[in-house]
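Data first, discussion second: the structure below is written as structure tokens.
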Amino acid sequence: MQERYDPAAIEAEAQRYWTDRRCFVVAEDPARDKYYCLSMFPYPSGRCHMGHVRNYTIGDVLARFMRMHGKNVLQPMGWDAFGLPAENAAIANGVPPAKWTYDNIATMRTQLKSLGLAVDWRREIATCRPEYYRWNQWLFLRMLDKGIAYRKTGVVNWDPVDQTVLANEQVIDGRGWRTGALVEKREIPMYYLGITRYAQALLSALDGMLGWPERVRTMQANWIGRSEGVNLGFPYAFDGVQGVLRAFTTRPDTIMGVTFCAVAAEHPLAAHAARQDPALAAFVEECKRGPATEAELATQAKRGMPTGLHVRHPLSGEPVPVWVGNYVLMTYGTGAVMGVPAHDERDFEFAKRYSLPIKRVIEVEGKPFASDTWHPWYAEHGRCVDSGAYDGLDYPAAVAAIATDLAKAGLGELQTTWRLRDWGISRQRYWGCPIPIIHCASCGAVPVPDSDLPVLLPEDLVPDGSGNPLAKCAEFLACRCPRCGAAARRETDTMDTFVDSSWYFLRYACSDNPRAMVDGRVGYWLPVDQYIGGIEHAILHLLYSRFWTRVMRDLGLVSFDEPFAKLFTQGMVLNEVFYRRPPAGRVEYFNPADVEVKIDPADGRRSATLRADGTEVLSGGVVTMSKSKNNGVDPQVLVEEFGADTARLFTMFAAPPEQTLEWSDDGVQGAHRFIKRLWKAVYDHVTTGGAAPLDLRDLDEAQRSIRRQTHHTIAKVTDDLGRRRTFNTAIAAVMELLNALGRFAPRGARDRAVIQEGLEAAVLCLSPIIPHVTHALWRSLGHATAIIDERWPSVDASALEQATIEIVVQVNGKRRSRICVAADAGGEAVRASALADPNVRKFVGDGVVRKVIVVPGKLVNVVL
RNA sequence: GCGAGAGUGGCGGAAUUGGUAGACGCGCUGGACUUAGAAUCCAGUGGGGCAACCCGUGCGAGUUCGAGUCUCGCCUUUCGCACCA
């Protein structure tokens, strides 16, 4: 065994061993329990960042831990390879997105492999490969057959200068990100997936998904946004037009308190009224432009204008004035609301501003009502008052009665409304999966026959930022109508990249099958046992995947409802940000690697200077690592300097995996130091003679104490890794064990055997976290086997037994002493020896002992 | 605005079921080795006090023999949602 810890050599050797022996290549084995451990696949942006290291290390620790428990573990990897950044890079560098993407994948694959992940690389997929995306197209066609996919016009952001559609994030303050031109809204035909028809199922299932964080389940429930109420109609007849203004309410019991109706600026009634009223037309236009952000939208003042039109109350028949309100959303419900100022805060604010009547119709017991100021209880449920026939009814009774009466009048019915919209998947972009449709002058939009799949995306186009290059590519565009055979034009829209990521976890089970999207192997591996990824995907990706899985189930392709049994959301990686604000121009950010931080020993003040020029830079605090703040740490530099094991150990030790992780160069040093200490401990042990097998008979107390700590550590690490997922405390426990072993100076063969057992436990417990160095150390400890094939160590319960235990003694709840008692001592004996303790007697003095509380095995509290 | 979580040494964090607050690591201080050291090893390290002890988990109350942990009110902060009718 070498004296020096040499990570580069050790890691190369271990990785070579795993690769040569195909250690992580797995196949279905019905005789064994499977464990599908999946980390969210990366977007090939160029280089790995620390967030990747953290994500994939968490997954790898679990995969290796489960493997050591005898599970048949699948841990795959792939690339979420379509998307906008490749097109932006192409515009900037003139390189085709395909080349940029494949180059990035090659770089990042090498980087990920250097971390030593226990991945079955044979199963690797990239969503931009036709072998993958042809099944996007195939399933899309199945959805068209079933009516789950359909075509409808939708609104997009249109850049009039570049003549192109912009993604929301490309619109900055209402202008195109490249051209600065005012962005227009355009209506174009798009394809939608009917996720709303699964809304109830997606919502109901959340309750049973106990393997998911509560937070994520709540976010999904809010996103789906079910609300129950009544859809009611306000009939009108003016200017020779007859109709009904529809509104949705969750508070039908307040219907007798309606004093106005408000419609959204986009509502047809607003447009109708605006035709004769230029001032109203101007207001409508202003509302449509709207404020820049949703937060502003939520906090801006309620404003409105009367339309001059009146509708009739569906129950009383009274005329009700119709206003245009800037707080009414065209995209929710019917784009119109009934105004009940007495019992809705927004309506109250609106009514106050425009002096509309406020009519109270609900009484909440013990809560006063006055129409001059709003109080939150005005919106509570109560009993109807001043509501004619409904007086005295409580909420459920009033809803039932009013719904019945509305239904009789033909002006309303119970209705459930959803916040969730159908999923628009059309993107007017090049670097994505082509939507398999052909447009024919006589047959319309015709699906591409299955036999013509995949519709191949040309990989040699270079977008220039104006329009979709597919629309200028004659080879791609030209085709024949599958139905009539006439010359036709191919659809140039591509699919949202969320489509690609909605089912990739299925494909890993059968990525080598060219004939089918999924096969029987999916039934063995799926559902995913543990899914690991960022909280930023809590809603869209996870909801779309759940939806997609259900669609495939209904098509008979899979036999389960939910794709991910357990979800783990890891925290972000943070680092300090340094900047300088020049007198003119933009803030300049400096990478922490280029900044030297000094602490003045006199006053403890920190100062930061740029290494390049020695001038001062300012600290902007600790924030998420990002390109824009230039505070990222390159994992590759870290691996080259300290090795993958140090990178893995630091990211697992510095914080619990679910919390944010603060980067710390000193912390990395500390992790590295620990590995060196572990190495040295084994080196010292084996070079001074190793150990003979352990004979458990007649151990002395020091030996028993070491064994107790060894087995206590195994128990703790097993629980921390397996149940609590607190990798940081697991590592701390092994550190404690190593500290204890270091303090123990062996004097004989028996001592050495006890140390050997302790070192083996430490190495085994750490092997999921730092697999390379433990691979080498296991050999050094005298094993011919590879640690990757070892079973997880088990706890020897007899090692945990103690003849005497320490008990804490409190007097009036404050710790005053510790006593040693026999482990099997009864409460009475413990009580007696506590009261006899000199320090306890001192504090008791001549006070009267009122009570003695004995917590067996833990403490005694003497109450005076 | 609404909802959920968090607040513990100089720092990251630990305390799992109401039972010794500060594990483990970083940093710092002192020492050893060394020509020297950012390497390594040893010792110390919440605050106050010579000590016995006292104080201490954002603030204020409460429950309890006992509260970082439970309850109520407040402050700060992070995240999510954001006029959802």
Side-chain angles (χ1 to χ4, degrees), chain A residues 213-216 218-219 222-223 225-227 229-230 247-251 254 261-262 264 293-302 325-329 331-340 344-347 349-350 376 417-419 535-536 538-539 571-572 574 599 601 604 606 622 649-650 653-656 659-671 673-674 676-677 680 716 719-720 723-724 726 728-736 738-739 742 806-818 842-843 850-855 857-864:
Chain A
E214 180 75 44
R215 188 162 62 123
V216 175
T218 308
M219 282 163 75
N222 290 340
W223 187 262
R226 180 192 157 104
S227 58
V230 163
F248 176 75
T249 180
T250 54
R251 289 300 301 275
T254 66
C261 281
T293 69
E294 287 183 319
E296 278 173 47
L297 193 88
T299 46
Q300 74 175 355
K302 312 259 173 304
N326 67 346
Y327 69 100
V328 185
L329 304 174
T331 49
Y332 185 79
T334 61
V337 296
M338 64 176 209
V340 185
D344 180 280
E345 188 171 1
R346 292 156 305 172
D347 297 345
E349 195 189 317
F350 192 79
T417 312
W418 304 85
R419 186 185 172 282
I535 185 74
E536 66 272 21
I539 298 174
M572 308 263 225
L574 317 181
I599 295 166
R606 288 171 91 243
V622 177
L649 183 65
F650 171 73
F653 179 62
Q659 289 179 30
T660 56
L661 182 152
E662 267 186 47
W663 188 259
S664 154
D665 286 330
D666 289 326
V668 174
Q669 291 281 354
R673 194 176 304 148
F674 171 73
K676 285 195 282 188
R677 277 178 51 222
K680 186 171 188 301
K716 163 105 180 122
D719 190 43
D720 284 356
R723 180 183 63 90
R724 297 177 68 210
T726 52
N728 54 328
T729 54
I731 295 164
V734 181
M735 286 174 169
E736 282 186 81
L738 202 70
N739 290 343
E806 195 181 69
I807 301 267
V808 170
V809 187
Q810 301 180 329
V811 179
N812 282 342
K814 295 194 180 196
R815 185 174 63 75
R816 294 303 181 190
S817 189
R818 293 162 217 246
K842 188 180 114 193
F843 276 90
R850 280 184 27 224
K851 203 174 354 169
V852 178
I853 287 145
V854 178
V855 183
K858 277 204 174 142
L859 64 62
V860 177
N861 188 11
V862 180
V863 185
L864 299 183

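Letters A, B, ... are given to chains in the order of the sequence lines, protein chains preceding strands, and every chain is numbered from 1.
The two residues A/E662 and A/F650 come nearest to each other via the heavy atoms O-CZ, 3.8 Å. Summarising the geometry of A/A654 relative to A/L661, their closest heavy-atom pair is CB-CG, 4.2 Å, with the distance given to 0.1 Å.
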Determine all donor-acceptor pairs shorter than 3.5 Å in which one atom belongs to a side chain in residues 810-818 of chain A; sequence neighbours excluded.
| from | atom 1 | to | atom 2 | distance (Å) |
| --- | --- | --- | --- | --- |
| A/N812 | OD1 | A/L864 | N | 2.9 |
| A/S817 | OG | A/D837 | OD1 | 3.1 |
| A/S817 | OG | A/D837 | OD2 | 2.9 |

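The side chain to side chain donor-acceptor pair (under 3.5 Å) check on A/R850 picks up nothing, with sequence neighbours excluded. The side chain to side chain contact (heavy atoms under 4.5 Å, CB included) test applied to A/K676 returns A/Y5, A/H672, not counting sequence neighbours. Shown here are the ring pair (Phe, Tyr, Trp, His ring centres under 6.0 Å) partners of A/F248, two or more places apart in sequence or in another chain: there are none. Qualifying side chain to side chain donor-acceptor pair (under 3.5 Å) partners for A/N728, counting only residues two or more places apart in sequence or in other chains: none. For A/T250, the side chain to side chain donor-acceptor pair (under 3.5 Å) test picks out no residue, with sequence neighbours left out. Taking A/D665 as the reference, A/W663 meet the side chain to side chain donor-acceptor pair (under 3.5 Å) condition, with sequence neighbours excluded. Annotation: ring pair (Phe, Tyr, Trp, His ring centres under 6.0 Å) contacts of A/W223 (sequence neighbours excluded): none. Applying the side chain to side chain contact (heavy atoms under 4.5 Å, CB included) rule to A/V337 yields the partners A/A262, A/Y327, A/V328; only residues at least two apart in sequence or on another chain are considered.
Separating the CZ atom of A/R215 from the P atom of B/G80 is a distance of 8 Å, rounded to the nearest angstrom. The OH-C1' distance, from A/Y327 to B/A82, rounds to 17 Å in whole Å. In this structure, the CG atom of A/N222 is 9 Å from the P atom of B/A82, given to the nearest Å. In this structure, the CD1 atom of A/I535 is 9 Å from the P atom of B/G80, given to the nearest Å. The interatomic distance linking A/E736 (CD) with B/A23 (P) rounds to 9 Å, in whole Å. Computed from coordinates, the A/D665 CG to B/C11 P distance equals 19 Å when rounded to whole Å. The distance between atom CG of A/L329 and atom P of B/A85, rounded to the nearest whole Å, is 11 Å. Remark: P of B/C26 and CG of A/L649 are 11 Å apart, rounded to the nearest angstrom.
Residue-level contact check: A/T249 touches the backbone only, with heavy atoms under 4.0 Å from sugar-phosphate atoms and none from bases. Counting any heavy atom pair closer than 4.0 Å across all strands shown, A/V328 reaches a base atom. Among the protein residues, A/R346 comes within range of the nucleic acid bases, having at least one heavy atom under 4.0 Å from a base atom. If you check every strand for non-hydrogen atoms under 4.0 Å, A/G225 touches nothing.
Contact annotation: A/N739 side-chain N/O to B/G25 OP1/OP2 distance is under 4.0 Å.
Side chain of A/N222 to backbone of A/G225: no donor-acceptor contact under 3.5 angstrom is found.
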Apply side chain to side chain contact (heavy atoms under 4.5 Å, CB included) to the pair A/R724 and A/K716, showing each step before the final yes or no. CA-CA 10 Å; A/R724 297 177 68 210; A/K716 163 105 180 122; 3.5 Å; yes
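Nucleotides B/A21 and B/C53 are separated by 15 Å at their P atoms, to the nearest Å. Taking atom P on both nucleotides, B/A52 is separated from B/U8 by 30 Å, rounded to a whole Å. Taking atom P in both B/G58 and B/G7, one finds a spacing of 8 Å when rounded to whole Å. Nucleotides B/A39 and B/G60, compared at atom P, are 43 Å apart to the nearest Å. B/U17 and B/A67 have their C1' atoms separated by 14 Å, given to the nearest Å. Between the C1' atoms of B/C59 and B/A6, the separation comes to 16 Å (whole Å). Using P as the reference atom, B/G1 and B/G19 are 37 Å apart when rounded to the nearest Å. Comparing the P positions of B/A36 and B/G31 gives a spacing of 14 Å, expressed to the nearest Å.
In this structure B/G9 sits in the syn conformation; its chi angle is within 90° of 0.
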Do nucleotides 12-20 of chain B as a string where each nucleotide becomes B, S or -: B if the base has a protein heavy atom under 4.0 Å, S if just the sugar-phosphate does, - if no protein is that close. SSSSB--BB
For nucleotides 41-57 of chain B, just jot down a letter per nucleotide in 5' to 3' order: B, S or -, based on protein non-hydrogen atoms under 4.0 Å. S----------SSSS--
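Nearest-nucleotide positions on RNA chain B place A/T218 closer to the 5' end than the other of A/T334 and A/T218. Looking at which nucleotide of RNA chain B each of A/M735 and A/G335 is closest to, the 5′-most match is held by A/M735.
Pairing analysis of RNA chain B (Watson-Crick: purine N1 to pyrimidine N3 plus N6-O4 or O6-N4; G-U wobble: N1-O2 and O6-N3; both under 3.5 Å) yields stems of 3 or more pairs at B:1-7 with B:75-81, B:10-12 with B:24-26, B:27-32 with B:40-45, B:46-48 with B:53-55, B:58-62 with B:70-74.
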